[in-house]
Structure formats: structure tokens, C-alpha cells
Amino acid sequence: MNYKIPRGTYDILPADSAKWHFVQDVFRKVASSFGYNEITTPIFEMAELFERSSGESSDVVQKEMYRFTDQKGRTFALRPEGTAPVVRAYVENHMDKSGGRSKLYYMGPMFRYDRPQAGRFRQFYQYGIEFIGSNHPYYDAEVIAIEMTFLKTLGIKNVRLEINSVGCAECAKDYDKALQLHYQPHLEELCADCRKRFETKPRRLLDCKVPSCKTFRPGAPSQLDYLDEACRLHFQQVRNYLDTMNIAYTVNPAIVRGLDYYTNTAFELIVDALGAQNSIAGGGRYNALIAQIGGKDTPAIGFAGGFERLLLALEKEQIPLPGIPKPDVYTIAIGEEAQTAVLGILQSLREAGIYAEYNPEKGSFKAQMKAADASLAAYAIILGEDELKQNKVILKNLSDSSQESLSPQELVGKLSR
RNA sequence: GUGGGUGUAGUUCAAUGGCAGAGCACCGGAUUGUGGUUCCGGGCGUUGUGGGUUCGAGUCCCAUCAUCCACCCCA
């Protein structure tokens with residue numbers, strides 16, 4: 001019986017770890033520069049947290065959640081997204097009662113039972129930002145600016161920002177009614193999915209891909225025309241901030257976030273080169289969620305991005321990323337005495353933070369030289385009988401073949417620089 | 001969940017239904033203190049898995065698993 005990795009999951013192997021650390025470090029730095037601090041929540045929560053917050057009718061809850069019951073019959077779910085857990089932690093730790101403003105970021109694995117394809121996995125890694133505690137439109141722009149800064153720092157160029165406003169609950173209700181009015185005459189001609197959408201989520205009618213459904217889209221009302229005064233103004237101000245910050249965007253009224261808790265600003269970052277799964281990050285405002293989860297009525301905005309798609313985008317743009325580290329030195333010892341004496345030298349090098357490679361199994365000097373070369377180390381250290389007698393080692397530069405004789409103390413000093 | 005493509009060595013790929021191979025990588029060596037180039041030697045495989053057809057299956061058929069593409073959805 002051979003064991004195989006579960007479908008839709010993957011191992012991050014040593015050869016790739018440095019890439020992951022790199023992008024994660026950049027994200028942490030960028031988030032810090034905006035004053036955000038990391039929060040880490042469990043990877044499973046009460047299933048109800050997601051059912052309530054994401055919406056019973058959402059795909060995530062309906063068919064993509066990994067649910068399980070524990071030994072006491074409680075129902076939990078592996079988290080399919082990061083916002084609800086962060087808000088749960090915010091409320092549970094009474095952060096809503098002490099000042100109320102929190103600038104948070106997180107990163108870690110999420111889980112969705114979905115059919116894998118390029119850029120889509122069952123366990124995937126997200127990073128995210130949540131600003132909780134203000135409805136000021138500046139923060140909508142700030143949160144977007146964090147993601148744009150992150151991508152810019154990494155060097156990604158071919159990315160588009162699309163924004164929209166879905167309004168508050170009141171606006172959404174008016175808009176849904178208007179949409180139903182528009183589609184009512186064609187109800188019989190719509191696909192089965194759309195007839196369901198007509199009842200449950202009329203705005204989903206807009207992005208149906210079935211050709212016959214598409215024909216009824218022209219002339220459909222736009223959400224933007226159904227924003228009340230406050231929401232309209234809010235959206236306008238967000239746009240003004242983005243303009244001032246020189247962040248380019250297009251308004252796309254079709255952007256509807258998949259989770260029920262979004263209000264007002266919704267946005268998405270798209271890298272066209274990625275194919276079907278081209279959304280690299282998405283988010284929006286969720287002013288109703290905190291109260292819904294049991295906290296004080298508190299406005300908030302955030303987004304989440306996917307590391308896998310980010311890495312794919314970096315690859316597409318041929319942006320170099322760190323690989324597996326190369327040794328600073330490869331140490332060669334010839335003869336039994338040298339093989340013993342070399343251990344002390346290795347230890348002092350490593351204590352000085354120098355990456356020193358050594359393999360006692362390589363036999364001949366020649367074989368060790370070959371290994372040194374293959375290791376791609378910058379230097380080789382050679383310790384043989386002659387050097388032992390003089391209490392010296394040879395430090396050989398493997399790229400220009402120059403070499404010098406040094407005492408072990410001088411060696412550490414030279415290499416630590 | 002739906003439709004389609006693909007699965008052969010570590011990897012990239014060959015092999016008309018007739019003895020499973022090549023490049024790269026890897027390992028060992030070319031008279032015991034100097035690597036890269038070169039040369040010699042080594043195939044490391046349950047052809048994803050399980051059935052079936054056939055004298056004979058990597059090749060044909062069925063199932064299954066994985067992966068890729070699209071739908072759906074989304075990061």
C-alpha cells in the first residue's frame with residue numbers, strides 16, 4: 001500500500017521553501033509599514049461561524065466546506081476563509097470594546113472541497129488584511145493600497161484593479177427588486193441556475209456565462225444607480241482617494257463577492273495571464289458582519305490574497321525568487337587526522353553563522369573537490385597533513401581558483417565579513 | 001458536481017499489438033594534494049492502479065486514482 005497526498009494538496013519542498021518565505025516576509029514588511037499586526041487563529045472553527053457569516057446559500061457553505069464532528073458530536077469546519085475567524089477573535093477578545101479599531105493581518109492555510117485545477121487547490125494559502133472599526137472611505141483605499149504596494153514591491157506589473165460598490169443592505173434590497181423586475185419577463189427562458197438565482201441572489205444573474213442568459217443582460221439596471229446618498233458618496237470618496245494615491249482601477253459593476261457579508265466597496269485584483277483562475281486577491285467592506293457575529297455594530301474592510309496564484313504570477317513575469325541556499329564554504333579533509341581536526345573548524349565556522357558544508361563519506365581528495373564544486377560553494381577549505389602541521393588551512397576561491405593559507409582564527413574572521 | 005485531454009526511469013521524452021529505450025541528472029572510475037571540460041562504466045522501471053480482449057498489451061477496451069484545461073466558483 002502506497003500512501004498518496006490528498007487530492008488538491010501539495011508539499012512545499014525544500015527547493016521551494018525559500019520562495020514562500022520570501023513572499024511571506026515581503027507581505028509582513030508591507031503590512032507592518034501600514035501599521036498592521038499579525039493575528040493567528042485556529043484552522044478549524046465551529047461550522048456555524050462560517051454558515052452564518054458567509055451565508056447559507058453561498059457555494060462555500062453549500063458544497064465546499066470540510067465539515068467534521070469531534071468525539072463529543074460538535075460540528076466543526078476547516079476554515080474556508082479568513083475573515084470570519086478574525087472577526088470571531090476580535091469579538092471574543094473584546095477588541096470591540098477597547099477603542100474598537102484594529103489593524104490586523106493574517107496568513108495561513110484555507111480549505112475548500114473544490115475540484116482542483118491550475119491555481120485552485122483544496123488546501124491553499126492565503127494572506128489577508130482586516131481593518132476593523134471605521135467606515136471612513138480612506139481605509140477602503142488604504143487596504144487596497146496595501147495590496148498594491150505588496151504587488152509592486154514584488155515587481156508584479158500586469159495586474160488590474162477592479163472596484164465596485166454593492167451598497168448597504170437597503171441599497172442591495174432595492175437593487176435586487178429592480179433586477180427582478182428586469183428579468184421577470186424572461187424568467188421562462190433563463191437557465192435552471194439563473195431561475196434559482198432570481199429568487200436567492202438576483203445579482204448573480206449578471207455574471208451567468210450561459211449564452212442565452214447573457215442576451216438579457218443589456219439594459220439591466222446597475223447597482224451603482226441604486227446606491228442611496230450615503231453609499232454613493234462613500235464610493236465616490238473611495239475613488240477620489242485612489243485617484244489621489246495614483247492607484248489605477250476600473251469600475252466593474254459585475255463584481256459581486258461570493259460571500260454574503262460584503263457591503264459597499266468590493267474589489268478584485270486580476271492577473272489575466274493566469275487563465276481561468278485569474279483573481280489574485282479580492283475583498284471589500286463588511287460593515288454588518290461584526291454585529292452579526294455578536295459584537296458591537298462595527299464597520300470594517302479587508303481583503304484576502306492567494307499565495308499560490310501570486311507565485312504563479314511571479315513566475316509568469318519571470319521575477320527571480322530565492323532558491324535553496326548555497327554553502328559559503330565546502331570543507332575538505334584529507335586523512336584521518338584531518339577528518340578529526342576539521343570538526344572543530346566546522347563548529348567555529350557554524351557558530352559564526354557561516355554555512356559550512358562537509359561530507360565525511362567522500363573518499364579521495366579529487367572526489368571531495370568534485371563535491372565542493374557541485375555544492376556551488378563560494379570557497380573550499382582544504383585541510384591536509386601539511387596544513388595540520390602548520391596549524392593552517394587553505395582557503396580556495398572556487399570561482400577564480402586563487403588560494404591562500406590562513407590560521408583557523410583568520411579563516412573565521414575572513415569569512416564572517 | 002459536469003465535460004474534455006494526459007499518465008512510461010529522478011526529469012524531459014521515444015517505442016506499428018511483438019525483447020521497455022535516449023538526452024539531461026545521478027552514482028563509480030581515469031597510478032593516492034586540487035574542481036569545472038573530456039573519456040569509460042552503471043538503467044536505478046510493478047509503463048499510475050485494478051480488471052478485460054489477445055498466442056502476446058506501454059500500445060486496444062472498462063473501471064479507478066491523479067493531474068491538466070474548461071464549466072461552476074473563487075484566492
Side-chain angles (χ1 to χ4, degrees), chain A residues 1-10 13 15 54 57-65 79-83 107-128 147 191-194 196-197 201 204 207-211 255-259 266-271 274-283 302-313 330 332-335 338 361-388 394-403:
Chain A
M1 176 65 190
N2 282 322
Y3 293 106
K4 288 208 277 188
I5 195 167
R7 183 169 202 200
T9 67
Y10 57 94
L13 300 173
S54 299
S57 71
S58 67
D59 277 18
V60 165
V61 168
Q62 288 259 307
K63 49 188 196 194
E64 294 173 9
M65 255 200 336
R79 60 181 184 192
E81 60 102 22
T83 299
M107 43 213 276
M110 304 294 164
F111 305 84
R112 289 184 202 171
Y113 187 87
D114 206 343
R115 185 137 163 196
Q117 71 184 75
R120 189 166 75 185
F121 304 90
R122 290 185 171 177
Q123 173 171 340
F124 56 102
Y125 294 79
Q126 282 191 335
Y127 55 92
E147 174 67 0
C191 70
D193 281 343
C194 278
K196 222 176 289 166
R197 291 182 182 123
K201 243 185 166 194
R204 281 270 170 220
D207 52 14
C208 182
K209 307 289 191 301
V210 177
I255 290 186
V256 185
R257 311 266 358 124
L259 309 176
F267 65 93
E268 200 161 321
L269 277 120
I270 295 159
V271 174
L274 293 190
Q277 310 303 324
N278 60 5
S279 171
I280 198 173
F303 75 86
F307 277 120
E308 291 85 357
R309 292 181 189 179
L310 182 68
L311 257 9
L312 284 173
Y330 189 99
I332 292 168
I334 310 142
E361 291 179 301
K362 292 287 173 191
S364 66
F365 186 19
K366 195 172 197 125
Q368 294 193 65
M369 274 307 292
K370 273 192 173 187
D373 191 55
S375 77
L376 302 176
Y379 293 95
I381 289 169
I382 300 166
L383 183 64
E385 284 173 33
D386 299 347
E387 289 75 27
L388 268 183
I394 290 171
L395 180 66
K396 179 175 177 118
N397 183 322
L398 287 173
S399 51
D400 65 14
S401 297
S402 65
Q403 59 183 52

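Note that these values count all heavy atoms, side chains included, but never hydrogens, waters or copies made by symmetry.
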Engineer: Can you check the distance between B:C61 and B:U2, where both ends of the measurement are the C1' atom (answer in whole Å)?
Structural biologist: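 Pairwise C1' distance, B:C61 against B:U2, rounds to 24 Å.
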Engineer: Below 3.5 Å is the cut-off: list the nitrogen or oxygen pairs between protein and nucleotides 65-70 of chain B, distance only.
Structural biologist:
{"from": "B:C65", "atom 1": "O2'", "to": "A:Lys4", "atom 2": "NZ", "distance (Å)": "3.3"}
{"from": "B:U67", "atom 1": "OP1", "to": "A:Gly8", "atom 2": "N", "distance (Å)": "3.2"}
{"from": "B:U67", "atom 1": "OP2", "to": "A:Arg7", "atom 2": "NE", "distance (Å)": "3.0"}
{"from": "B:C69", "atom 1": "OP2", "to": "A:Ala118", "atom 2": "N", "distance (Å)": "2.3"}
{"from": "B:A70", "atom 1": "OP1", "to": "A:Ala276", "atom 2": "N", "distance (Å)": "3.4"}
{"from": "B:A70", "atom 1": "OP2", "to": "A:Gln117", "atom 2": "NE2", "distance (Å)": "3.4"}

Engineer: 5'-most contact on RNA chain B: A:Leu383 or A:Gln126, nearest heavy atom basis?
Structural biologist: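 The residue closer to the strand's 5' end, by nearest nucleotide, is A:Leu383.
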Engineer: Tell me the partner of B:G50, counting only Watson-Crick (N1-N3 plus N6-O4 or O6-N4) or G-U wobble (N1-O2 and O6-N3) with both under 3.5 Å; none if nothing fits.
Structural biologist: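 Across all strands, the one nucleotide that pairs with B:G50 is B:C62.
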Engineer: Using a distance-only criterion (donor-acceptor N/O pair, under 3.5 Å, no hydrogens), is the base of B:U34 paired with the side chain of A:Gln368?
Structural biologist: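 No, no donor-acceptor pair under 3.5 Å.
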Engineer: What distance, rounded to whole Å, do you find between the two C1' atoms, one in B:U16 and one in B:G56?
Structural biologist: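 Taking atom C1' in both B:U16 and B:G56, they lie 15 Å apart.
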Engineer: Mind checking if A:Glu385 touches a base, just sugar-phosphate, or nothing, with heavy atoms under 4.0 Å?
Structural biologist: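 Touches a base.
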Engineer: Which atoms of nucleotides 36-40 of chain B (N or O only) lie under 3.5 Å from a protein N or O atom, and what are those distances?
Structural biologist:
{"from": "B:G36", "atom 1": "O4'", "to": "A:Asp373", "atom 2": "OD2", "distance (Å)": "2.9"}
{"from": "B:G36", "atom 1": "O6", "to": "A:Ser401", "atom 2": "OG", "distance (Å)": "3.0"}
{"from": "B:G36", "atom 1": "N2", "to": "A:Leu398", "atom 2": "O", "distance (Å)": "3.4"}

Engineer: For a 4.5 angstrom cut-off between non-hydrogen side-chain atoms, does A:Phe124 reach A:Tyr10?
Structural biologist: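 Result no, sub-4.5 Å side-chain heavy-atom pair not found.
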Engineer: When the P atoms of B:G10 and B:U47 are compared, how many Å lie between them, rounded to an integer?
Structural biologist: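 Those two atoms are separated by 12 Å.
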Engineer: Go nucleotide by nucleotide along RNA chain B from the 5' end; which of A:Tyr113 and A:Lys396 gets its closest nucleotide reached first?
Structural biologist: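 Mapping each residue to its closest nucleotide by heavy atoms, the 5'-most match is A:Tyr113.
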Engineer: With rounding to whole Å, what would you report as the distance between B:U8 and B:U49 at their C1' atoms?
Structural biologist: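 B:U8 and B:U49 have their C1' atoms separated by 14 Å.
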Engineer: Identify the nucleotide, in any strand shown, that forms a Watson-Crick or G-U wobble pair with B:G41, with both distances under 3.5 Å; if there is none, say none.
Structural biologist: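 B:G41 is paired with B:C27.
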Engineer: Can you check whether A:Met110's main-chain N or O pairs, donor with acceptor, with A:Glu81's side chain at less than 3.5 Å?
Structural biologist: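 Absent.
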Engineer: Return the nucleotide paired to B:A22: Watson-Crick means purine N1 to pyrimidine N3 with N6-O4 or O6-N4, wobble means G-U with N1-O2 and O6-N3, both under 3.5 Å.
Structural biologist: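 Pairing partner, where one exists within any strand: B:U12.
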Engineer: Across all strands, who's sitting opposite B:A70 as a Watson-Crick or G-U wobble pair, both distances under 3.5 Å?
Structural biologist: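 Pair assignment: B:A70 / B:U2.
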Engineer: Using the P atom on both, measure B:G1 against B:U64 and round to a whole Å.
Structural biologist: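 B:G1 and B:U64 have their P atoms separated by 12 Å.
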Engineer: Would you tabulate the side-chain donor-acceptor contacts of residues 374-387 of chain A under 3.5 Å, counting partners in other chains and residues two or more places apart, or write 'none'?
Structural biologist:
{"from": "A:Ser375", "atom 1": "OG", "to": "A:Ala372", "atom 2": "O", "distance (Å)": "2.7"}
{"from": "A:Ser375", "atom 1": "OG", "to": "A:Ala377", "atom 2": "N", "distance (Å)": "3.2"}
{"from": "A:Glu387", "atom 1": "OE1", "to": "A:Gly384", "atom 2": "N", "distance (Å)": "2.8"}

Engineer: Given atom CD of A:Glu268 and atom P of B:A75, what is their separation to the nearest angstrom?
Structural biologist: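 Those two atoms, CD and P, are 7 Å apart.
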Engineer: Enumerate the residue pairs fulfilling salt bridge (charged side-chain N to carboxylate O under 4.0 Å, His left out) with a member in residues 108-125 of chain A, sequence neighbours excluded, ordered by first and then second residue.
Structural biologist: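 Pairs touching residues 108-125 of chain A that pass the test: A:Asp114-A:Arg120.
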Engineer: With a 4.5 Å limit on heavy-atom distance, are the side chains of A:Ile255 and A:Phe267 in contact?
Structural biologist: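 In short, these two side chains do not touch, never coming nearer than 4.5 Å.
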Engineer: Would you kindly give the CD1-to-C1' distance between A:Ile394 and B:G33, to the nearest whole Å?
Structural biologist: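 To the nearest whole Å, that distance equals 8 Å.
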Engineer: Taking only residues two or more places apart in sequence or in another chain, which ones pass side-chain contact (heavy atoms from CB on, under 4.5 Å) with A:Leu13?
Structural biologist: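 A:Leu13 satisfies side-chain contact (heavy atoms from CB on, under 4.5 Å) with A:Asp11 once adjacent residues are dropped.
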Engineer: Need one value for A:Gln403: base, sugar-phosphate or nothing, where a base atom within 4.0 Å counts as base even if backbone is also close, heavy atoms only.
Structural biologist: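 Base, at least one base heavy atom under 4.0 Å.
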Engineer: So which atom in A:Phe121 and which in A:Gly8 form the shortest heavy-atom distance, rounded to 0.1 Å?
Structural biologist: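 Scanning both residues completely, I find the closest heavy atoms to be CB-O, 3.2 Å.
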Engineer: Would you mind classifying the nucleic acid contact of A:Ile382 as base, sugar-phosphate or nothing, using non-hydrogen atoms under 4.0 angstrom?
Structural biologist: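 A:Ile382: base contact, heavy atoms under 4.0 Å.
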Engineer: Taking any heavy-atom pair under 4.0 Å as a contact, classify A:Glu147: base, sugar-phosphate, or nothing.
Structural biologist: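 No contact at all - A:Glu147 keeps every heavy atom at 4.0 Å or more from the nucleic acid.
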Engineer: Take atom C1' in B:G21 and the same atom in B:G58, then report the distance between them in whole Å.
Structural biologist: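 One C1' to the other, the span is 12 Å.
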Engineer: With centres under 5.5 Å and planes under 30° as the test, does A:Phe307 stack with B:A75?
Structural biologist: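 It does not: the two rings, one from A:Phe307 and one from B:A75, miss the stacking criterion.
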Engineer: What's the CZ-C1' distance between A:Phe111 and B:C74, to the nearest Å?
Structural biologist: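 The answer, rounded to whole Å, is 17 Å.
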Engineer: Using atom P of each nucleotide, how far apart are B:G18 and B:U12 to the nearest Å?
Structural biologist: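 Here B:G18 and B:U12 have their P atoms 26 Å from each other.
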Engineer: For atom C1', what is the distance between B:U46 and B:G42, given to the nearest Å?
Structural biologist: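 Each nucleotide's C1' atom is 22 Å from the other's.
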Engineer: Applying side-chain hydrogen bond (donor to acceptor under 3.5 Å, both in side chains), name anything that partners A:Gln403, two or more places apart in sequence or on another chain.
Structural biologist: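 Residues passing side-chain hydrogen bond (donor to acceptor under 3.5 Å, both in side chains) with A:Gln403: none at all.
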Engineer: A:Tyr127 OH to B:A75 C1': how many Å, rounded?
Structural biologist: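 For the pair A:Tyr127 OH and B:A75 C1', the rounded distance is 8 Å.
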